[in-house]
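Residues: numbered from 1 along the sequence shown.
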Amino acid sequence: MDKLYNYGLNNLFIEIILSVIKKFKIDTKYSHLDATSFHLHGEYKSEDKKEEEGIIRERPIIITKGYSRDHRPDLKQCVLDLITSSDGDIPLLMRVGDGNEADKAVFGKILVEFKKQIIFDSIMVCDSALYSQENLKLIEHLKWISRVPMTIKRAKELVRLVEIEEISLEEREKRVAVNLDGYKWKEEIVNYAGIKQVWLVVESQKRKESDLEKLDKKLKKEKEQVEKLLKELKKENFENPEQALYKLKGINKKLNFFEIKEVQITESKSKENKTIYKMSGVGHKKPEEIEIMRKEAGRFILATNLVDDEKLTPSEIITNYKNQQSCERGFRFLKDPLFFADSFFVENPERIETMLFLMSLCLLVYNLGQRELRSSLKRIKIGIKNQLGKLTISPTLRWVFQCFQGIHILTLNGVNQIINLTSERHFILNYLPSSCQKYYLLS
């Protein structure tokens with residue numbers, strides 16, 4: 001592990017990947033970047049080390065607390081950055097980062113470094129962590145697709161104000177054919193960070209229904225909150241009207257969809273015969289705020305710097321952004337308890353980096369095997385049964401592993417035999433490489 005670390009984990013991974021791409025003819029037109037965190041138990045003294053600028057460090061990672069995607073903010077962590085291909089989710093680059101590393105701060109640098117080390121052209125796909133003025137200027141010579149964060153004023157305005165026209169039945173059928181049923185969009189040419197780009201305002205019907213359902217729940221919850229606050233306000237005593245109005249102002253400020261109006265302040269006497277003031281009011285919805293939320297429901301913006309001659313179609317932009325799940329599937333593999341790949345039993349930060357390197361290699365081998373099997377099934381247009389007993393040409397390799405449980409080798413009179421190799425298992429083996437078949441005495 002120490003020799004691997006000293007050689008250079010990132011460089012070694014790139015060397016392996018370039019050979020894999022050539023041997024297995026991996027399509028690298030689109031690549032996806034994302035990050036996840038791994039929480040760690042125990043004491044790590046690297047937290048006290050001085051941080052260095054830049055993406056290439058001359059020091060081990062700093063294991064410290066940061067934004068926990070594992071929902072364990074009480075534990076220290078490290079971060080794994082992963083770039084995968086759309087073709088088979090093959091990992092193209094892995095990089096281990098400090099526990100408190102922010103995606104927005106490093107994603108641009110990672111892509112620039114990645115581009116220096118690879119010899120193929122690729123359109124980089126990333127979530128909104130990439131989309132900042134600093135990062136866009138940094139990657140202005142790269143091709144990219146990214147989601148636009150709603151913190152940008154222009155994006156907020158577009159989502160609320162843009163009118164997306166209804167589509168014809170013929171166009172709907174086209175979108176169903178490319179798995180974009182329920183999507184509508186409108187293109188806008190925008191200049192942001194000094195870069196000309198296409199902003200695609202997208203509306204997803206499925207997501208809209210979900211957002212509106214969540215909005216209704218929020219409205220119901222806030223209505224109940226307002227009713228409770230009104231009851232509490234009626235019971236509260238104030239020394240003067242100004243104090244009551246100040247309290248009311250603070251309450252209205254915290255409410256999103258309601259406000260307390262029709263306020264009445266009445267003067268009365270306390271049991272101690274002191275002058276006190278009571279306040280009452282009525283809860284009213286904020287129709288403008290609610291209408292804005294209803295217009296925003298199901299909408300998001302995708303951006304790309306591929307304009308003019310290199311312009312992508314809207315369906316290409318959306319489809320490839322949806323494939324951002326490529327990285328997520330890799331992270332699920334690495335953290336799946338079934339594979340026992342997410343547990344660390346080393347204290348040295350250098351070896352933790354090396355462990356993540358080895359885990360990423362496991363992901364590479366797993367996804368290559370899965371890609372090869374799926375390609376073979378797709379080519380012959382015959383599927384195998386999934387967990388529900390239905391035929392599929394896109395089985396997971398995890399399911400195939402489970403299908404092969406309970407197979408044994410029996411030696412009788414010096415002759416080896418395979419026990420329980422059913423016709424279905426034999427069929428699957430026919431579409432795996434000969435290096436796999438030899439273990440079942442088939443080649």
Side-chain angles (χ1 to χ4, degrees), residues 39 65-75 100 102-104 127-129 131-132 147-164 201-301:
H39 63 260
K65 290 183 179 180
Y67 170 67
S68 179
R69 297 167 179 85
D70 286 343
H71 308 294
R72 288 301 304 268
D74 55 313
L75 297 176
N100 60 357
D103 297 348
K104 190 170 282 189
D127 61 21
S128 58
Y131 203 91
S132 68
R147 183 166 173 166
V148 181
M150 285 299 109
T151 50
I152 296 173
K153 186 179 177 182
R154 175 68 174 139
K156 275 186 179 179
E157 290 173 351
L158 266 180
V159 161
R160 292 174 182 178
L161 302 175
V162 74
E163 292 294 332
I164 302 177
V201 184
V202 184
E203 183 177 295
S204 161
Q205 184 60 35
K206 190 175 179 180
R207 183 171 170 173
K208 184 174 184 176
E209 290 168 3
S210 174
D211 287 351
L212 289 174
E213 190 178 330
K214 287 176 186 175
L215 178 60
D216 289 338
K217 286 179 180 178
K218 286 179 182 177
L219 288 170
K220 185 180 177 182
K221 188 176 179 181
E222 193 165 296
K223 185 181 179 182
E224 290 170 356
Q225 183 187 352
V226 169
E227 289 170 354
K228 186 180 177 181
L229 285 168
L230 284 169
K231 287 178 183 177
E232 291 173 357
L233 277 176
K234 283 182 180 179
K235 295 176 183 178
E236 194 167 348
N237 297 331
F238 298 97
E239 294 178 2
N240 52 61
E242 290 74 21
Q243 187 186 38
L245 291 171
Y246 183 78
K247 176 74 179 276
L248 179 67
K249 186 179 178 182
I251 290 172
N252 279 333
K253 196 173 182 180
K254 291 179 182 178
L255 296 173
N256 295 313
F257 308 111
F258 285 80
E259 60 181 334
I260 297 173
K261 297 163 75 174
E262 298 178 31
V263 177
Q264 292 183 347
I265 299 175
T266 55
E267 184 180 317
S268 61
K269 295 288 183 181
S270 66
K271 290 179 181 179
E272 294 81 17
N273 203 32
K274 287 184 179 179
T275 301
I276 57 169
Y277 294 88
K278 294 278 190 179
M279 180 169 58
S280 63
V282 180
H284 286 271
K285 287 182 179 179
K286 297 179 183 176
E288 290 182 4
E289 295 296 325
I290 295 170
E291 186 57 30
I292 285 170
M293 292 297 290
R294 292 195 184 281
K295 282 185 177 179
E296 289 181 358
R299 291 188 173 188
F300 57 95
I301 298 177

Arg299 and Leu158: side chain to side chain contact (heavy atoms under 4.5 Å, CB included), yes or no, with the steps? CA-CA 10 Å; Arg299 291 188 173 188; Leu158 266 180; over 6 Å; no
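- By the side chain to side chain contact (heavy atoms under 4.5 Å, CB included) test, Glu163 is found to be paired with no residue, residues two or more places apart in sequence or in another chain being considered.
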Name the atoms and distances for all side-chain donor-acceptor pairs under 3.5 Å in residues 205-214, with sequence neighbours left out.
| from | atom 1 | to | atom 2 | distance (Å) |
| --- | --- | --- | --- | --- |
| Gln205 | NE2 | Glu209 | OE2 | 3.3 |
| Asp211 | OD2 | Gly298 | N | 2.8 |

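- The minimum heavy-atom distance between Glu203 and Ile164, with the atom names listed, is CB-CD1, 4.0 Å.
- For the pair Asn240 and Tyr246, the minimum side-chain heavy-atom distance is 4.5 Å or more.
- The backbone N or O of Leu255 sits less than 3.5 Å from a side-chain atom of Lys286, completing a donor-acceptor pair.
- Looking at Glu232 and Lys228, their side chains come closer than 4.5 Å, going by heavy atoms from C-beta outward.
- Using a 4.5 Å cut-off on side-chain heavy atoms (C-beta onward), Ile301 and Ile152 make no contact.
- When the salt bridge (charged side-chain N to carboxylate O under 4.0 Å, His left out) test is applied to Asp103, the partners found at least two apart in sequence or on another chain are Arg69.
- With hydrogens and angles ignored, the 3.5 Å screen pairs a side-chain donor or acceptor of Lys278 with a backbone N or O of Lys235.
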When the side chains of residues 290-297 are checked against the rest of the protein, which donor-acceptor pairs come out under 3.5 Å, sequence neighbours left out?
| from | atom 1 | to | atom 2 | distance (Å) |
| --- | --- | --- | --- | --- |
| Glu296 | OE2 | Arg160 | NE | 2.7 |
| Glu296 | OE2 | Arg160 | NH2 | 3.4 |

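- Note that CG of Leu161 is 12.5 Å distant from NZ of Lys156, once rounded to the nearest 0.5 Å.
- A 4.5 Å side-chain heavy-atom check between Glu157 and Arg154 finds at least one atom pair inside the cut-off.
- For the pair Pro149 and Ala155, the tightest heavy-atom approach, listed with the atom from each and the gap, is O-CB, 3.8 Å.
- To the nearest 0.5 Å, atom CZ of residue Phe238 and atom NZ of residue Lys247 are 5.0 Å apart.
- Among residues at least two apart or in separate chains, there is no side chain to side chain donor-acceptor pair (under 3.5 Å) pair with a member in residues 217-226.
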For a quick test of your reading: what N or O donor-acceptor pairs under 3.5 Å do the side chains of residues 257-269 make, sequence neighbours left out?
| from | atom 1 | to | atom 2 | distance (Å) |
| --- | --- | --- | --- | --- |
| Glu262 | OE2 | His284 | NE2 | 2.8 |
| Lys269 | NZ | Thr275 | OG1 | 3.1 |

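- The shortest distance between side-chain heavy atoms of Asn237 and Lys274 does not fall below 4.5 Å.
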